[in-house]
Each structure stands twice: as C-alpha cells, then as structure tokens.
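Chain A is the first sequence line, chain B the second, and so forth, proteins listed ahead of strands; every chain is numbered from 1.
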Protein chains: 2
Amino acid sequence: MPEKTYQIGVEATMEVIGGKWKSIILCHLRLKPMRTSELERAIPQISQKMLVQQLRELEAANIVQRHVYQEVPPRVDYRLTDYGHSLSGVLHQLCVWGEENIDLRREQGEAITLLHRDDL
Amino acid sequence: MPEKTYQIGVEATMEVIGGKWKSIILCHLRLKPMRTSELERAIPQISQKMLVQQLRELEAANIVQRHVYQEVPPRVDYRLTDYGHSLSGVLHQLCVWGEENIDLRREQGEAITLLHRDDL
DNA sequence: TGGTATACCCACTAAAAAGTAAGTATGAAT
DNA sequence: ATTCATACTTACTTTTTAGTGGGTATACCA
C-alpha cells in the first residue's frame, strides 16, 4: 500500500473542505441538520448532482451523516458527525473572515452584497 | 456594473484561499517572508507556473506583497500584507485541524505521513 | 390509472484548473 | 563572447471539476 504523504497540515484539511461547494454545505450544516431540499434552497446556485455528490464525499470522510426517516414521501437529512463538529471553529472563522472581507470591499466602493450572515 | 453577490461569508473567503495551492502558500508565508526559490523548495510538488500564477492572484487580492531587492542576480520575496495577516488565525487553524486529522487517521491504521508540522 | 412528492442516479458535455516543457530578460563575472 | 543565476512567461496538453437534461423508485391519494 502506497503511503500517503502531506507536507503540511492544511493540505489534509483542504482535501476535506476544499472545492467549490463543501465549505458552503458545511457552514450550513454547522448550524443545524438540513434536508436535501432545504440545502437546495439555501444554496440556490448548486445543482442537484453536485449537492448529492459532495454530500457523499463528506459522508465518506465521516464528516456528515445521512439520516433517513422511515416515512413516505421519503425524508432524509444530513448532519455533522461528532468528528464533523470538530471543524466547527474553522468553519465559523471562514465565514466571519469572508463577511469582514466583503464589508471592507464594499467600503472601498466595490458593488458587492452578502445575503446571509452567519451570526452566532 | 453588475453587483457581485454572496450567499454566505465563506464563499468570499474561499475565493481568496481556495484552490489547490493558495492555502499552502499562505501557510508558509504566514511564518515568514519567502523568496520564489524558497517557496519552490517548501512546496516541492508545485510547478513554477502555478507558483507564480497563484502569487499574482494573491497580490491582486492584496493578501501578499511582492518585494523586489535592487540586486543582481535578481532577488524577490513575497510576504503577507497587513490585510493578509488578518488571515493568520484562519490559516493556523486550517493547519492544526489537518494535523489532528492526519494523526487520527494514522491511529486508525491508515498509511499516512505528515512531513512538516506548523508548530507555533 | 394517473398525479404528487421526495430523493436520488446516470450519460453526456462544457469549463476551469493544473501540468509540461520550453523560452525570455538582466547584468555581472570569466 | 559565453556562461551563470534568478525570476519569470508563454504555448500547449491533460486532468479535474462542474453543469445539463433526462430518468428511476416509492407509496400515498384522487
């Protein structure tokens, strides 16, 4: 088995939260469990395919857990695992820095809007 | 001018530190200014092209500053701007979580190594 | 029997990111 | 004139990531 090597810790973190969608999904799930349709509404630009695909990858990394209710019509939600919750501080900081960055850029005259703040 | 809108702060953050290389470069520059050749040694997998390209993008975002010494042969280094330093906490957390993630995975039997720790 | 609602899955295409290999520019030293 | 060292730059190719449009399954309900 070939050994996997990292030069620096952040590489491993980015493998988990990197890419266009994972950090966004996780920032939402950090606040509460959400079902597929809720996530689609919260992240309107994402396609169904990408949402499911990213959730599967986060499941495989043991960051989120898929929870199936035994109901009809089907009902599923996704929530952070205990391990996923260990990312909570990182995720929150990522949100906050972005909010500050947006504020600053707007103060400097850029036409830029943030729709939802992660006020915690 | 079309208004740029973000749904959530983390989107703006990832625009700055996302991609395969930026967070790695920034984690190095967080600790000290470094010249091109030093960065190449610190990040052996990166190509020259990607290194320069990512540095240019970080410059454009006002996160790093290019510093030219008036010498021959040429000598240039890159360092975080004051604004770039505002990312320091985030970057450090990204490193630390990754280190913990790697430790955990090794404890669970995965063949995995971290070469350099970000001990601060 | 057909419509509703949810949560998918798949094949195909398009776009973005990254990799490779070569070349340019400067000026000093030999 | 040639070589050296550094820091790029460019053209081209490959790989990875993401988007589109369709289809499936379940069981209730009219």
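- Atom NZ of B:Lys22 sits about 14.0 Å away from atom SG of B:Cys27, to the nearest 0.5 Å.
- Within the structure, no pair that satisfies the ring-ring contact (aromatic ring centres under 6.0 Å, His included) test touches residues 3-37 of chain A, not counting sequence neighbours.
- Here the side chains of A:Gln45 and B:Gln7 are in contact, with some heavy-atom distance below 4.5 Å.
- The interatomic distance linking A:Leu51 (CG) with D:dT20 (P) rounds to 15 Å, in whole Å.
- The stretch residues 6-13 of chain A does not touch DNA chain D, since none of its heavy atoms comes less than 4.0 Å from the strand.
- Taking CD of A:Gln54 as the start and CG of A:Leu26 as the end, the distance is 9.5 Å to the nearest 0.5 Å.
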Provide a list of protein-nucleic acid N or O atom pairs under 3.5 angstrom, restricted to nucleotides 22-30 of chain D.
none

Please produce a list of atom pairs where a protein N or O lies less than 3.5 Å from an N or O of nucleotides 13-19 of chain D.
residue: D:dA18; atom: OP1; partner: A:Lys20; partner atom: N; Å: 3.1
residue: D:dG19; atom: OP1; partner: A:Lys20; partner atom: NZ; Å: 3.4
residue: D:dG19; atom: N7; partner: A:Lys49; partner atom: NZ; Å: 3.0
residue: D:dG19; atom: O6; partner: A:Lys49; partner atom: NZ; Å: 2.3

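- Neither OP1 nor OP2 of D:dT6 sits under 4.0 Å from any side-chain N or O of B:Thr36.
- Rounding to whole angstrom units, CD of residue B:Glu71 and C1' of C:dA25 are separated by 17 Å.
- Here B:Tyr78 does not reach the OP1 or OP2 of D:dA7: none of its side-chain N or O atoms lies under 4.0 Å away.
- Listed for the B:Glu99 side chain is no donor-acceptor partner under 3.5 Å among the backbone atoms of A:Gly9.
- Looking at heavy-atom distances under 4.0 Å, B:Tyr69 makes no contact with the nucleic acid at all.
- The structure places CG of A:Leu94 at 8.5 Å from CD of B:Gln93, a figure rounded to the nearest 0.5 Å.
- Contact record, B:Met34 with B:Ala42: CE-CB, 3.9 Å, taken as the closest heavy-atom pair.
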Could you tabulate the donor-acceptor pairs under 3.5 Å formed by side-chain atoms of residues 61-72 of chain A, not counting sequence neighbours?
residue: A:Arg66; atom: NE; partner: A:Tyr78; partner atom: OH; Å: 3.3
residue: A:Tyr69; atom: OH; partner: A:Asp77; partner atom: OD2; Å: 2.9

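- For the pair A:Leu39 and A:Leu29, the tightest heavy-atom approach, listed with the atom from each and the gap, is CD2-CD2, 4.2 Å.
- Sorted pairs that involve residues 32-50 of chain B and meet salt bridge (charged side-chain N to carboxylate O under 4.0 Å, His left out), not counting sequence neighbours, are lacking altogether.
- The CZ atom of B:Arg75 sits 18 Å away from the C1' atom of D:dC4 (whole-angstrom rounding).
- Going from atom CD1 of B:Ile43 over to atom P of C:dG19 covers 12 Å, rounded to whole Å.
- The phosphate of D:dA7 (OP1 or OP2) has no side-chain N or O of B:Arg66 nearer than 4.0 angstrom.
- Here B:Leu80 contributes atom CG and B:Leu31 contributes atom CG; the two are 9.0 Å apart, rounded to the nearest 0.5 Å.
- Across the protein-nucleic acid pair, B:Gln70 atom CD and D:dT6 atom P stand 17 Å apart, rounded to whole Å.
- With rounding to whole Å, A:Arg56 atom CZ is found 10 Å from C:dC9 atom C1'.
- Proximity of A:Arg35 to the phosphate of C:dA7: a side-chain N or O atom is located under 4.0 Å from OP1 or OP2.
- The distance from atom CD1 of A:Ile46 to atom CD1 of A:Ile25, rounded to the nearest 0.5 Å, is 4.5 Å.
- When the C1' atom of C:dC8 is taken as reference, atom CG of A:Asp77 falls 16 Å away, rounded to whole Å.
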